[in-house]
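One is the number of the first residue; the rest follow in order along the sequence. Atoms considered below: every heavy atom in the structure, side chains included; atoms not considered: hydrogens, waters and symmetry mates.
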Amino acid sequence: MITELKPVQAQDAIAEVIKAGIKKAIKAVDLKIQRLQTKTIWLQNAQKVIENTMAKVHLEEITGWAEKQRTLYADYYSELWKVKSMIAYYDRIREISNKQTRLVEEYKRAIALFKKDGHFSSDEIAYMLNVYKGILRESLQNLDQVFLVIHSFSTQMSDASRLKIIEQAADKIEEVFDDLKVFNKENMMLSFQRAKSQNEVEAMKRMYGIGN
């Protein structure tokens with residue numbers, strides 16, 4: 001029993017690291033979004049002031065002055081576009097982080113059920129834990145990419161590079177999550193095949209939350 005607990009504890013430790021990292025990422029993203037939204041409001045208000053001011057000035061008075069205001073307005077518009085783009089980036093990062101949270105929850109649910117399922121040997125459970133270990137470690141690497149993007153807004157990383165990392169992280173978590181679901185489904189099907197009666201199959205389906 002002790003030899004079985006150690007790998008389980010190791011898996012749970014990795015899962016907790018991922019969950020803590022995800023919470024940290026989401027907290028950082030939410031804080032940055034809040035600040036960016038405040039800046040968006042300020043920039044939008046500044047645009048309105050410029051537009052209203054230019055609308056009130058007589059045409060003959062705005063020859064040289066208007067050109068300066070157009071430049072200033074263009075700067076505000078450009079800055080507003082950048083801020084909105086950053087919010088879109090952060091929203092995407094939050095989606096990726098939430099998907100990772102679901103992955104950890106799915107792992108914990110699945111291994112708890114498989115350990116309760118009498119159709120698997122201790123060696124098979126150990127094999128499952130080894131597979132989960134690889135899946136969780138991949139998720140950790142993906143989380144590193146998420147933090148790289150979060151910190152990239154304070155560096156000189158280009159939008160193209162930033163977008164590439166975000167999409168790679170999104171693709172990777174989708175791939176890892178799909179692998180987890182396929183692996184879990186294969187194990188459940190194996191359990192059903194080992195059932196000795198239809199009643200036992202139905203009992204297994206209820207345990208795994210699978211409808212008829």
Side-chain angles (χ1 to χ4, degrees), residues 4-30 32-33 86-117 119-153 155 157 159-193 204-205 207-211:
E4 290 183 10
L5 276 175
K6 288 184 178 178
V8 174
Q9 290 172 340
Q11 303 303 98
D12 288 345
I14 296 174
E16 289 305 314
V17 169
I18 295 173
K19 285 179 67 177
I22 292 168
K23 286 181 181 178
K24 183 178 178 183
I26 291 177
K27 184 176 181 181
V29 164
D30 285 344
K32 289 179 182 293
I33 287 178
M86 288 170 70
I87 289 176
Y89 283 134
Y90 284 127
D91 281 338
R92 188 75 171 113
I93 292 169
R94 186 158 48 185
E95 288 176 11
I96 296 170
S97 299
N98 287 333
K99 194 64 173 285
Q100 285 180 302
T101 299
R102 288 176 54 197
L103 183 146
V104 172
E105 290 172 348
E106 182 65 19
Y107 146 70
K108 287 196 163 187
R109 173 184 173 276
I111 193 59
L113 290 173
F114 292 142
K115 286 170 64 181
K116 283 174 25 179
D117 191 325
H119 296 133
F120 298 111
S121 66
S122 58
D123 287 343
E124 287 173 323
I125 294 296
Y127 169 74
M128 290 180 194
L129 287 168
N130 193 47
V131 173
Y132 287 132
K133 181 180 179 180
I135 289 174
L136 291 172
R137 288 198 179 280
E138 283 194 62
S139 184
L140 271 177
Q141 293 173 3
N142 188 65
L143 194 58
D144 288 339
Q145 294 300 302
V146 168
F147 276 111
L148 178 62
V149 176
I150 291 174
H151 297 315
S152 74
F153 289 101
T155 67
M157 183 180 289
D159 283 343
S161 297
R162 189 178 293 121
L163 184 60
K164 182 179 179 181
I165 293 174
I166 290 175
E167 291 310 314
Q168 285 177 339
D171 290 343
K172 192 62 181 177
I173 192 62
E174 285 290 343
E175 179 184 333
V176 173
F177 195 52
D178 286 344
D179 288 344
L180 177 69
K181 289 189 292 185
V182 168
F183 182 65
N184 289 342
K185 186 175 181 180
E186 288 174 348
N187 288 327
M188 284 187 285
M189 294 305 297
L190 180 59
S191 176
F192 297 156
Q193 291 170 10
M204 290 297 101
K205 284 184 177 181
M207 187 179 82
Y208 287 111
I210 299 175

May I ask you to check whether F114 and Y208 place their ring centers less than 6.0 Å from one another?
yes

What distance do M207 atom CE and D117 atom CG have between them, rounded to the nearest 0.5 Å?
4.0 Å

Checking N130 side chain against A126 main chain: does a donor-acceptor pair fall under 3.5 Å?
no

Side-chain contact test, heavy atoms from C-beta onward, threshold under 4.5 Å: evaluate it for Y107 versus N184 and give yes or no.
no

Non-neighbouring partners of K172 that pass salt bridge (Lys or Arg N to Asp or Glu O under 4.0 Å), sequence neighbours left out
E138, E175

With sequence neighbours excluded, residues passing salt bridge (Lys or Arg N to Asp or Glu O under 4.0 Å) with D178
K181

Which pair of non-hydrogen atoms, one from L103 and one from L180, has the smallest distance, and what is that distance?
O-CD2, 3.5 Å

Between the main-chain N or O of R94 and the side-chain N or O of N98, is there a donor-acceptor pair closer than 3.5 Å?
yes

Could you tell me the separation between the CZ atom of R92 and the OG atom of S97, rounded to the nearest 0.5 Å?
11.0 Å

Would you say the side-chain atoms of Q100 pair up with the backbone N or O of I173, donor to acceptor, closer than 3.5 Å?
no

Look at R102 together with E105 and state whether they make a salt bridge at an N to O cut-off of under 4.0 Å.
no

Could you measure the distance from the CD1 atom of I166 to the OG atom of S161? Nearest 0.5 Å is fine.
11.0 Å

Work out which heavy atom in L190 is nearest to a heavy atom in E124; give both atom names and the distance.
CD2-OE2, 4.5 Å

Any chance you could measure L136, atom CG, to K133, atom NZ, to the nearest 0.5 Å?
10.5 Å

Between M128 and I125, is there a side-chain heavy-atom distance shorter than 4.5 Å?
yes

Can you name the one residue among H119, K205, E186 that meets side-chain hydrogen bond (donor to acceptor under 3.5 Å, both in side chains) with S191?
H119

Gap between atom CD1 of I96 and atom CD of E174 - 0.5 Å precision:
9.0 Å

Residues in salt bridge (Lys or Arg N to Asp or Glu O under 4.0 Å) contact with R109, at least two apart in sequence or another chain
E106

Which value, rounded to the nearest 0.5 Å, describes the distance between D179 atom CG and I135 atom CD1?
6.0 Å

